[in-house]
2 protein chains.
Amino acid sequence: MIENEFCEATVIHEDTLRRVREEMPDEEPIYEVSELFKVFGDSTRSRIICALNLAEMCVCDLSALLNMTQSAISHQLRILKAARLVKSKKQGRVVYYSLDDSHIGQIFALAFTHVTEE
Amino acid sequence: MIENEFCEATVIHEDTLRRVREEMPDEEPIYEVSELFKVFGDSTRSRIICALNLAEMCVCDLSALLNMTQSAISHQLRILKAARLVKSKKQGRVVYYSLDDSHIGQIFALAFTHVTEE
DNA sequence: TGAACACATGAACATACGTTCATATATTAA
DNA sequence: TTAATATATGAACGTATGTTCATGTGTTCA
């Protein structure tokens, strides 16, 4: 049992700890990954993503589809756009949103198979 | 332009809206998917998952690895266990945690390739 | 039996987050 | 130019969430 340098935690398995320390991904990419998952971790945003995965849509259609106020949808689209998950295209006063990523579909597909099995 | 039955939202594209309504996944699996992503959406939990993906570990080793208090780790492990993402095995007074799912690795792998490219 | 240890857990606290409300911006049509 | 429309956005509000602190539970060892 060895005291850690930075906190009071006791270390029982020095060998595995050393190995995991070496093989662990850096903190930054892990942080970015969890930031990505955080965006997915709201059902409104997930529903928007599922919808945009089927068709390019404008804000008021999304609002009607999800039965939510235009403001709420717009706020969430802003977050999705900041995360570079959706892109927008303005035509007149209508703004069309669509998915801006190739991995989203794959990640969601895996997640769906996860929650639907067992 | 047609007024929606349940909210004041204006519908511009009736045809795509109808098609998306038909092809959209049900609300419940989408909700479950976003609940799963919500669990992944915290960097502490993501780091725990990355660690357990490399080795079965006890609480105090995780605590030392992530330089966090035993209590904080324990609380997060509770959440991961409730989500059936990790399982625990008690040996004496030491509790060993390991991943309890085959999809986690794939989902994280996809997410990593997403954040590391571009 | 009691001390030490590994872990769990409830309460408290600060912070983050999603929606609502009011309003601003930009475009079209009269 | 004015009214209507589609969207964006800031402030406010309630709620959810992660960590800390204190303490509880269960196990080992002297």
TODO: Any chance you could lay out the side chain to side chain contact (heavy atoms under 4.5 Å, CB included) test for B:F108 and B:N53, step after step, and finish with the verdict?
DONE: CA-CA 10 Å; B:F108 267 74; B:N53 193 41; over 6 Å; no
TODO: Output, in order, the C-alpha distance, side-chain angles, deciding distance and verdict of side chain to side chain contact (heavy atoms under 4.5 Å, CB included) for A:L36 and A:L85.
DONE: CA-CA 9 Å; A:L36 175 68; A:L85 298 173; 3.9 Å; yes
- [ ] Could you walk me through whether A:I30 and B:F112 pass the side chain to side chain contact (heavy atoms under 4.5 Å, CB included) test, one step at a time?
- [x] CA-CA 8 Å; A:I30 297 183; B:F112 269 104; 3.9 Å; yes
TODO: In sequence, state the C-alpha distance, the side-chain angles, and the governing distance for B:I73 and B:Q70, and then conclude on side chain to side chain contact (heavy atoms under 4.5 Å, CB included).
DONE: CA-CA 5 Å; B:I73 299 294; B:Q70 172 267 321; 5.8 Å; no
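For the pair A:Q76 and C:dT19, the criterion of a side-chain N or O lying under 4.0 Å from OP1 or OP2 is met. Dashed line: the shortest gap from a side-chain N or O of B:R78 to OP1 or OP2 of C:dT9 is under 4.0 Å. Between A:T69 and C:dT20, a side-chain N or O to OP1/OP2 separation shorter than 4.0 Å is present.
Ion pairing between B:K38 and B:E35 holds under the 4.0 Å rule for side-chain N and carboxylate O.
By the 5.5 Å and 30° criteria, A:H75 is stacked with the base of D:dT9.
Contacts of A:K38 with the nucleic acid, taken as non-hydrogen atoms under 4.0 Å apart, involve only primed sugar atoms and P, OP1 or OP2. Within 4.0 Å (heavy atoms only), A:Y97 reaches sugar-phosphate atoms of the nucleic acid but no base atom.
When atom types are taken as modelled, the side chain of A:S63 and the backbone of A:V59 share no donor-acceptor pair closer than 3.5 angstrom. Looking at A:S46, its side chain does come within 3.5 Å of a backbone N or O of A:F40 through a donor-acceptor pair.
Atoms CZ (A:R47) and C1' (C:dT19) sit 13 Å apart, rounded to a whole Å. One atom, CD1 of A:I73, and another, C1' of D:dA8, lie 14 Å apart when rounded to the nearest Å. Note: CG (B:L62) to P (C:dA6) measures 14 Å, nearest angstrom. Rounded to a whole Å, the CG atom of A:D61 is 10 Å from the P atom of D:dA6. Rounding to whole angstrom units, CD1 of residue A:I79 and P of C:dT19 are separated by 8 Å. Atoms CG (B:L80) and P (D:dG18) sit 10 Å apart, rounded to a whole Å. The distance between atom CZ of B:R45 and atom C1' of D:dT19, rounded to the nearest whole Å, is 12 Å. The CE atom of B:M68 sits 19 Å away from the P atom of C:dA6 (whole-angstrom rounding).
Taking every side-chain heavy atom of B:I12 into account, D:dA6 is the closest of D:dA6, D:dG18, C:dC7.
Each of B:V95 and A:G41 was matched to the nucleotide of DNA chain C holding its nearest heavy atom; the match closer to the 5' end belongs to B:V95.
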Task: Footprint string (nucleotides 22-30 of chain D, 5' to 3'): B base within contact, S backbone only, - free, heavy atoms under 4.0 Å - done: B---SBB--
